[in-house]
Amino acid sequence: GPLITLLGLAFEWLGGADEIRFRTLALGGSALSYGLVGAALPDLARAARLDPGIPGVTERIAWGAGAIVVLASGSFLLSPWDAAQRDGFYVNIVLLSLALQFFLQGTLDRSQNSPLTRTRRLGFAAVGALSVLPWAGKPSFLLFTLAQVPSLWWGSPTPVRRVVGG
């Protein structure tokens, strides 16, 4: 699909014509998405009302580092051929969608009367866009979006239905 071609061109522009630099860019992108998901996990606990506190920077860094270790360890078990497959790039995009979703759901005000700002609406639109984007290269990623929609709809302390005006 066109998405993976655009990613390949971007990596080449960043110096990815060299194999080592390409692998470094790919690993760095994966580490970034893993770290962001980990840093957003305290927000998921807050959305589930397991932890009412607001996570601090140190807590987010610790969760992010832990997620990088756990999620990256799985990629080290792959052969170079398997690691270079496009699915890994698409998974990173889905993980970014989940990280943004966790953050937005964890930071929503629990009051039913709190207004949803334009920024928050744009954030939820970005969650949807990041979830749908991998479909362009691998239509089976529709299953991830289908699993994500119920958690967006019912998983928030303040229903996301208010974002879409329903």
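- Within the model, atoms CD of Gln105 and CZ of Phe124 stand 5.5 Å from one another, a figure rounded to the nearest 0.5 Å.
- Checking Trp135 against Thr145 by side-chain atom types alone, a donor-acceptor pair falls below 3.5 Å.
- No chain of hydrophobic side-chain contacts below 4.5 Å, direct or via other Ile, Leu, Val, Met, Phe, Trp or Tyr residues, connects Val69 to Ile61.
- The hydrophobic cluster containing Phe89 also contains Trp13, counting ILVMFWY residues as joined when their side-chain heavy atoms lie under 4.5 angstrom apart, directly or transitively.
- Rounded to the nearest 0.5 angstrom, Leu96 CG and Leu32 CG are separated by 6.5 Å.
- To the nearest 0.5 Å, the span separating OG on Ser33 from CG on Leu71 amounts to 8.0 Å.
- Across all non-hydrogen atoms, the minimal contact from Leu130 to Ile93 is O-CG2, 3.2 Å.
- With hydrogens and angles disregarded, no donor-acceptor distance shorter than 3.5 Å links the side chain of Ser131 to the backbone of Val127.
- Atom CG of Leu36 sits about 11.0 Å away from atom CZ of Phe103, to the nearest 0.5 Å.
- For the atom pair CG of Leu143 and NZ of Lys138, the computed distance is 11.0 Å after rounding to the nearest 0.5 Å.
- Closest of all the heavy-atom pairs between Gly123 and Leu100 is O-CD2, 3.4 Å.
- Considering all non-hydrogen atoms of both residues, Ala39 and Arg60 come closest at O-NH1, 2.8 Å.
- For the pair Phe141 and Val132, the minimum side-chain heavy-atom distance is 4.5 Å or more.
- Taking hydrophobic clusters as Ile, Leu, Val, Met, Phe, Trp and Tyr residues chained together by side-chain heavy-atom distances below 4.5 Å, Leu146 shares a cluster with Tyr90.
- From Leu104, atom CG reaches atom CZ of Arg121 across 13.0 Å, with rounding to the nearest 0.5 Å.
- Scanning all heavy atoms of the two residues, the minimum distance from Trp63 to Gly38 falls at CB-O, 3.0 Å.
- Using a 4.5 Å cut-off between side-chain heavy atoms of Ile, Leu, Val, Met, Phe, Trp and Tyr, with links allowed through other members, Val57 and Leu41 fall into different hydrophobic clusters.
- Transitive grouping of hydrophobic side chains (ILVMFWY, heavy atoms separated by less than 4.5 Å) keeps Leu27 and Ile20 in distinct clusters.
- Nearest heavy-atom pair, Ala99 versus Ala40, reported as atom, atom and distance to 0.1 Å: O-CB, 3.4 Å.
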